[in-house]
Amino acid sequence: YEILTCDWSSDVCSSDLTRGMRDAAGAADGFVAIITDVSAHKAAEEQLAASLTRVRRFVDSNVFGVVVAEPGGRIVEANDYYLRVIGRTREELEGGALDWKAITPTEFAETDAAAVARALREGTSPPREKAYLRPDGTRVPVLIAHAGFPGDPPQVASFLVDLTERKAAEQAVADSEERLHGALDAMLDPFVIASVVRDAAGRIDDLRVDFANTAFAELA
C-alpha cells in the first residue's frame with residue numbers, strides 16, 4: 001500500500017507520516033491518511049523488470065550480434081558479438097566514435113537505406129546479406145535483419161550473424177569442385193556426370209548432363 005498524509009492547513013499531502021494537521025500553535029493535532037492499493041502497479045513494475053532482465057541476458061549472451069543505432073549512422077548500443085564482428089572496442093562505442101554507415105562498404109548504401117526505411121515504416125525488414133569493414137580493411141560478411149523504433153530520434157535495432165566461416169566453407173567447396181573438374185578435364189578418356197530426370201510417375205525419363213570433360217565434348 002501507499003500511504004499519504006495530508007496537512008489541511010497547507011493542502012499538502014506527503015508520504016511523510018510526521019506531516020499532518022496542526023493546531024493554531026503549530027502543535028501536531030492528528031492527521032488524515034489516504035491509503036491506495038498499488039499491488040497491480042507494483043506487480044506490473046516487477047513483470048517489466050523481469051522482462052527487461054531476460055532481454056538483457058539474451059542480448060549479453062552474445063549468441064548473435066545486436067546493435068541499436070540511428071538511421072543517420074550513430075551507434076547507440078551494441079553487444080560484444082557486434083563489436084567483435086566490426087573489430088571495434090567498447091571504449092570507442094561509449095566515446096560516440098562508431099558510425100555504422102562509415103564501416104559499411106559503399107555498394108550496400110542503397111540496400112541499407114531501403115531496409116532501414118522499411119523497418120521504420122513496417123516495424124521490421126527481412127534478413128539480407130551485407131558486409132562490414134574492419135579497421136585493417138578486411139570485410140566481414142553478415143546476415144542482418146532490422147526492427148524499427150519510431151521516435152525522436154528514430155532508432156533501428158539490428159540482429160546479425162557472422163557468415164565468415166560459412167563463406168569460407170562455401171569457397172572451399174567451390175575450390176574443391178574446380179580442382180576436381182580441372183583434373184577430369186585433363187583426362188584423355190571421355191567423362192560425364194549426369195543427373196536422372198523423372199516423369200510425373202517417377203520413371204526415369206531422361207538424363208541431364210551436369211559436367212562433361214573436354215574429351216567427351218570432342219566426341220559430341
Under 4.0 Å between a side-chain nitrogen and a carboxylate oxygen: does that hold for [X] and [Y]?
| X | Y | answer |
| --- | --- | --- |
| Arg90 | Asp80 | yes |
| Lys101 | Glu70 | no |
| Arg88 | Asp99 | no |
| Arg203 | Asp205 | no |

I'd like to know if the side chain of [X] reaches the main chain of [Y], judged simply by a donor and an acceptor atom lying under 3.5 Å from each other, with no hydrogens or angles considered.
| X | Y | result |
| --- | --- | --- |
| Thr138 | Arg134 | no |
| Asp185 | Asn213 | no |
| Asp162 | Arg84 | no |

Stepwise side-chain contact (heavy atoms from CB on, under 4.5 Å) test for Tyr81 and Leu160: CA-CA 9 Å; Tyr81 185 111; Leu160 61 93; 4.0 Å; yes
Between Thr111 and Lys130: side-chain donor-acceptor atoms closer than 3.5 Å: no
Heavy atoms from other residues, nucleotides or ligands near CG of Asp152 exceed 12 (cutoff 6.0 Å): no
Glu122 CD: over 12 foreign heavy atoms closer than 6.0 Å: yes
Arg208/Asp206 under salt bridge (charged side-chain N to carboxylate O under 4.0 Å, His left out): CA gap, chis, key distance, verdict: CA-CA 7 Å; Arg208 182 183 64 247; Asp206 200 355; over 6 Å; no
Near-ring test Tyr132/Tyr82, centroid separation under 6.0 angstrom: yes
Counterpart residues, side-chain contact (heavy atoms from CB on, under 4.5 Å), relative to Glu107 (two or more places apart): Pro105, Arg139
Within one Ile-Leu-Val-Met-Phe-Trp-Tyr cluster: Leu143 and Phe108, side-chain cutoff 4.5 Å: no
